[in-house]
Amino acid sequence: MATQLKDEESQFLQDSFQQQLSRWNRRRLSPGFPDDWSADRFNEDQRMARLEHAFIEELRAEVRVEAAQAPTDVDGFIAWFEGLEATGPGQHDSLFPWLAEDAQMDHIRWFLSQEAAGEAGFDDLVAMTQVKIPDRAKMELARNYWDEMGRGNIKGMHGPMLGQLVDLLDLDTCIEHTVWESLALANAMTAMATQRCYSWHSIGALGVIELTAPGRSAQTARALRRVGLSTSQRRYFDLHAVLDIKHSADWNEEAIKPLVAADPRRATAMAEGALIRLRCGARCFDRYRAHFGLD
């Protein structure tokens with residue numbers, strides 16, 4: 001209840017702001033032409049960039065005390081980080097066993113609509129995050145990106161796999177029909193990847209997705225199998241239930257470890273980013289359970 005009241009008091013954790021930020025992100029990240037630019041657009045971008053920064057700073061304020069307790073030595077931080085899979089916000093939420101075992105097709109379609117609408121595009125987030133980071137970590141993000149790109153095979157690209165599921169199930173991914181919690185998750189990930197002052201936060205946030213996604217993906221794949229989807233139709237979730245385990249181990253070893261070893265301050269930033277991502281996810285799960293009447 002205290003969290004709900006705090007959300008209601010925030011100017012950012014609301015439908016209107018998150019929809020506005022989602023539309024801005026969609027416009028500013030879409031390819032365009034010089035003639036698309038205008039003084040009004042420049043002013044709007046400045047205004048939205050300030051609001052986006054304030055939004056992330058509010059999310060940082062929620063996790064700053066907890067993140068400051070994370071160790072800043074390499075081994076200590078990795079142990080703390082990997083422990084988030086078991087104890088982090090939103091982990092092993094009761095929503096996912098219910099989806100796997102009991103949810104009906106309409107429930108699953110609504111859930112997937114929210115998840116797909118709130119998908120910021122892991123491949124693009126990795127690509128934006130890797131700009132100018134140290135070489136060893138950059139190489140790991142490059143390998144991760146290459147996997148997201150199907151290793152050069154268009155049929156193996158991860159993003160289109162999810163898009164095919166959206167089309168197959170005729171999912172409603174309109175911003176206006178998406179709960180603000182899902183939009184906030186995507187908007188937070190986009191902000192951390194695009195604002196360079198949050199680059200280390202983004203590495204922590206992306207890393208914690210790899211760490212925690214396999215269990216949720218496996219439960220979602222079970223739900224899709226139970227309602228009759230074929231192996232090819234549920235491939236996106238089957239793939240991430242397995243592949244992300246290796247991705248997580250490699251991310252921690254090749255990106256997080258050398259970055260923290262070079263500058264321990266990065267550990268705190270990564271901890272903040274990871275906790276921001278997990279808290280945004282936990283808000284989504286709370287909202288989804290409430291929608292389904294599970295609370």
Side-chain angles (χ1 to χ4, degrees), residues 1-15 17-19 21-22 25 51-70 77 80-96 111 114-115 117-120 122 125 129 178-195 197-217 244 248 251 256 266-291 294-295:
M1 179 62 72
T3 300
Q4 181 179 354
L5 290 174
K6 184 176 180 180
D7 290 352
E8 290 174 352
E9 294 170 358
S10 169
Q11 76 175 92
F12 304 116
L13 304 182
Q14 303 287 344
D15 283 324
F17 176 76
Q18 293 303 328
Q19 289 183 19
L21 188 54
S22 294
N25 279 327
L51 289 170
E52 179 188 57
H53 188 82
F55 163 53
I56 294 299
E57 284 302 300
E58 182 171 296
L59 297 183
R60 280 189 68 216
E62 294 179 344
V63 304
R64 189 174 289 118
V65 172
E66 183 177 358
Q69 298 172 4
F77 181 72
W80 178 90
F81 190 83
E82 291 179 343
L84 292 174
E85 195 284 326
T87 62
Q91 290 311 290
H92 306 286
D93 194 282
S94 61
L95 170 72
F96 291 92
F111 163 76
Q114 300 300 314
E115 291 287 282
E119 171 60 48
F122 196 91
L125 296 174
T129 299
T178 305
V179 298
W180 70 258
E181 291 87 347
S182 181
L183 298 177
L185 189 155
N187 288 333
M189 293 299 300
T190 301
M192 288 186 283
T194 57
Q195 291 198 29
C197 61
Y198 298 119
S199 297
W200 313 124
H201 289 75
S202 185
I203 289 173
L206 292 167
V208 89
I209 292 176
E210 300 285 31
L211 176 72
T212 62
R216 294 191 299 272
S217 295
D244 284 354
S248 177
W251 192 282
I256 291 180
R266 296 169 182 168
T268 304
M270 290 179 196
E272 289 182 354
L275 290 171
I276 286 171
R277 171 58 181 81
L278 292 179
R279 284 180 66 92
C280 285
R283 280 191 171 100
C284 289
F285 308 152
D286 288 346
R287 180 66 179 272
Y288 299 167
R289 279 188 278 99
H291 177 82
L294 300 177
D295 289 341

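Remember, it's a predicted structure, so these values are computed and weren't measured experimentally.
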If you apply the rule side chain to side chain contact (heavy atoms under 4.5 Å, CB included), what do you find for Gln195 with Glu52, and how did you get there? CA-CA 9 Å; Gln195 291 198 29; Glu52 179 188 57; 2.7 Å; yes

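- The existence of a salt bridge linking Asp93 and Arg289 is confirmed by a sub-4.0 Å separation between a basic side-chain nitrogen and an acidic carboxylate oxygen.
- Atoms CH2 and OG1, on Trp200 and Thr268 in that order, are 13.5 Å from each other to the nearest 0.5 Å.
- The closest side-chain heavy-atom distance from Leu125 to Ser202 is not below 4.5 Å.
- When only modelled atom types and interatomic distance are considered, Ser182 and Glu115 share no side-chain donor-acceptor pair under 3.5 Å.
- Taking 4.5 Å as the limit, every side-chain heavy atom of Gln69 sits out of range of all side-chain heavy atoms of Trp80.
- Smallest separation of non-hydrogen atoms from Thr212 and Val208: OG1-O, 2.8 Å.
- For the atom pair CD of Glu272 and OH of Tyr198, the computed distance is 9.0 Å after rounding to the nearest 0.5 Å.
- Note that CG of Leu183 and CG of Asp15 are 8.0 Å apart. Values are rounded to the nearest 0.5 Å.
- Atoms CD1 and CD1, on Ile276 and Ile56 in that order, are 5.5 Å from each other to the nearest 0.5 Å.
- Between atom NE2 of residue His53 and atom SG of residue Cys197 there is a gap of 5.0 Å, rounded to the nearest 0.5 Å.
- The nearest pair of heavy atoms linking Ala205 to Gly273 is CB-O, 3.5 Å.
- Residues Leu211 and Trp251 have side chains not in contact (no heavy-atom distance under 4.5 Å, counting atoms from C-beta outward).
- Contact check for Ile203 versus Met192: no side-chain heavy atoms found under the 4.5 Å cut-off.
- Phe285 is not listed as a side-chain neighbour of Glu181, based on a closest heavy-atom distance of 4.5 Å or more.
- Across Ala184 and Cys280, no two heavy atoms sit closer than the pair O-SG, 4.3 Å.
- Gln18 and Asn187 are linked by a side-chain donor-acceptor pair at a separation below 3.5 angstrom, with hydrogens and angles left out of the test.
- Inter-residue side-chain proximity for Met189 and His201 is flagged as unmet; no heavy-atom pair is nearer than 4.5 Å.
- The ring pair (Phe, Tyr, Trp, His ring centres under 6.0 Å) check on His92 picks up nothing, with sequence neighbours excluded.
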Apply the test side chain to side chain contact (heavy atoms under 4.5 Å, CB included) to residues Gln114 and Glu119: give CA-CA distance (whole Å), side-chain angles for both, the deciding distance (0.1 Å), then the verdict. CA-CA 9 Å; Gln114 300 300 314; Glu119 171 60 48; over 6 Å; no

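- Within the model, atoms OG1 of Thr87 and CG of Leu278 stand 9.0 Å from one another, a figure rounded to the nearest 0.5 Å.
- Ala274 and Phe81 make their closest contact through CB-CE1, 3.8 Å (heavy atoms, listed as atom of the first residue, atom of the second, distance).
- In this view, Pro214 and Asp244, Ile245 satisfy the side chain to side chain contact (heavy atoms under 4.5 Å, CB included) rule, not counting sequence neighbours.
- Two residues are said to be in side-chain contact when any heavy atoms from C-beta on lie closer than 4.5 Å; Phe17 and Trp180 fail this criterion.
- Between Ser199 and Thr129 the shortest heavy-atom distance is O-CG2, 4.0 Å.
- Counting heavy atoms from C-beta on, the side chains of Thr190 and Leu21 never come closer than 4.5 Å.
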Report the C-alpha distance between Phe12 and Leu59 in whole Å, list the side-chain angles of each, state the deciding distance to 0.1 Å, and finish with yes or no for side chain to side chain contact (heavy atoms under 4.5 Å, CB included). CA-CA 10 Å; Phe12 304 116; Leu59 297 183; over 6 Å; no

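- Note on Glu62 versus Arg283: salt bridge recorded, some NZ/NE/NH1/NH2 to OD/OE distance being below 4.0 Å.
- Using modelled atom types, no side-chain atom of Gln11 and backbone atom of Gln14 make a donor-acceptor pair closer than 3.5 Å.
- Taking Phe111 as the reference, Phe96, Tyr288 meet the ring pair (Phe, Tyr, Trp, His ring centres under 6.0 Å) condition, with sequence neighbours excluded.
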